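Heads up: the structure comes next, in structure tokens.
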Amino acid sequence: MVSVGVVGLGPMGRAIAYYLVKHTGHVVNGYDVSEEAVNEARRVGVNSAVKADVRSEDVIRRIAGENDVIVSAVPQSIADQVVLKFHELGKPVIDLIFMWRYDEALASKLGGGSLVIPAMGWAPGLTNLLAMAAANELDGVEEVGIHVGGNPVNPRPPLYYELLFSLESTVDEYVRPATIIRDGRVVNVEPLPRSSNSGLGLLMGTSQNSTLMV
């Protein structure tokens with residue numbers, strides 16, 4: 001049985017912990033510096049949620065000792081240092097926002113040791129994996145566009161119908177250079193100048209698209 005530590009119990013981390021508790025046989029431990037977040041996690045079934053401040057190296061060491069795998073859902077401002085520390089301690093880490101701004105020097109620190117899956121949120125993250133899986137089914141692909149959006153018709157726990165992303169990260173999407181793969185190379189481009197209209201079907205109408213993230 002695998003022990004999974006979910007670090008950060010905001011809306012995203014809490015949803016991940018909820019899913020793991022509900023749909024897997026893993027031991028799920030939750031950690032957050034906020035008492036309110038811990039109580040919310042317990043309310044949706046993450047009974048092992050406890051208060052912990054991962055800005056402390058001792059706390060990170062303790063969490064690493066208690067778990068086989070780490071899921072990091074901490075704020076962007078501390079994500080890099082948290083992920084790197086767990087990596088140094090030899091723990092596999094799945095993180096939602098690590099290297100939000102792509103950094104070659106930072107990426108090189110992950111060249112050996114435990115597995116790190118960075119920026120594995122919904123978009124970017126799962127959407128990128130699904131796009132690559134679809135592209136691999138085709139003989140050739142010239143361009144991949146990922147359209148992100150949608151509100152649930154019937155809101156359900158643990159997310160219901162609410163703002164999921166931190167203001168810091170949301171604003172950053174519109175002002176920082178976007179990292180993309182072009183002609184097989186990782187490059188940075190301006191996020192907003194290049195836009196185009198794409199028809200998405202009769203039911204969905206037409207949307208304007210801009211390059212915002214990886």
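Small disclaimer: the values here were computed from a predicted structure and weren't measured. The chain is numbered in sequence order, starting from 1.
For D68, the side-chain contact (heavy atoms from CB on, under 4.5 Å) test picks out V2, S3, with sequence neighbours left out. Shown here are the side-chain contact (heavy atoms from CB on, under 4.5 Å) partners of K109, two or more places apart in sequence or in another chain: L84, L106. Scored by the side-chain hydrogen bond (donor to acceptor under 3.5 Å, both in side chains) test, D53 finds R55 as partners (sequence neighbours excluded). Not counting sequence neighbours, R42 has no partner by the side-chain hydrogen bond (donor to acceptor under 3.5 Å, both in side chains) test. With sequence neighbours left out, A131 forms a side-chain contact (heavy atoms from CB on, under 4.5 Å) with V144, I146. Every residue two or more places apart in sequence or in another chain that forms a side-chain contact (heavy atoms from CB on, under 4.5 Å) with R61 is listed here: E57, K85, L89.
Across every non-hydrogen atom of V116 and P118, the tightest pair is O-CD, 3.4 Å. Closest of all the heavy-atom pairs between G13 and V6 is O-CG1, 3.5 Å. Contact detail for A52 and V59: the closest heavy-atom pair is CB-CG1, 3.9 Å. In terms of heavy atoms, S48 sits closest to N29 at OG-CA, 3.3 Å. In plain terms, the two heavy atoms of G10 and D32 that are nearest each other are N-OD2, 3.9 Å.
Taken to the nearest 0.5 Å, the OH atom of Y18 stands 13.5 Å off from the CD atom of E40. Taken to the nearest 0.5 Å, the CG atom of L9 stands 12.0 Å off from the CD atom of E36.
Cluster membership check: I94 does not share its hydrophobic cluster with M132, using side-chain heavy-atom separations under 4.5 Å among Ile, Leu, Val, Met, Phe, Trp and Tyr. Put simply, L129 and L115 are part of the same group of oily side chains (I, L, V, M, F, W, Y) that touch within less than 4.5 Å, one to the next.
Side chain of D183 to main chain of R185: no donor-acceptor pair is present (N/O by atom type, distance under 3.5 Å, no hydrogens or angles). The backbone N or O of K91 sits less than 3.5 Å from a side-chain atom of S114, completing a donor-acceptor pair. The backbone N or O of G112 lies less than 3.5 Å from a partner atom in the side chain of H87, making a donor-acceptor pair. The main-chain N or O of V7 is never found under 3.5 Å from a side-chain atom of S72 such that the two would form a donor-acceptor pair.
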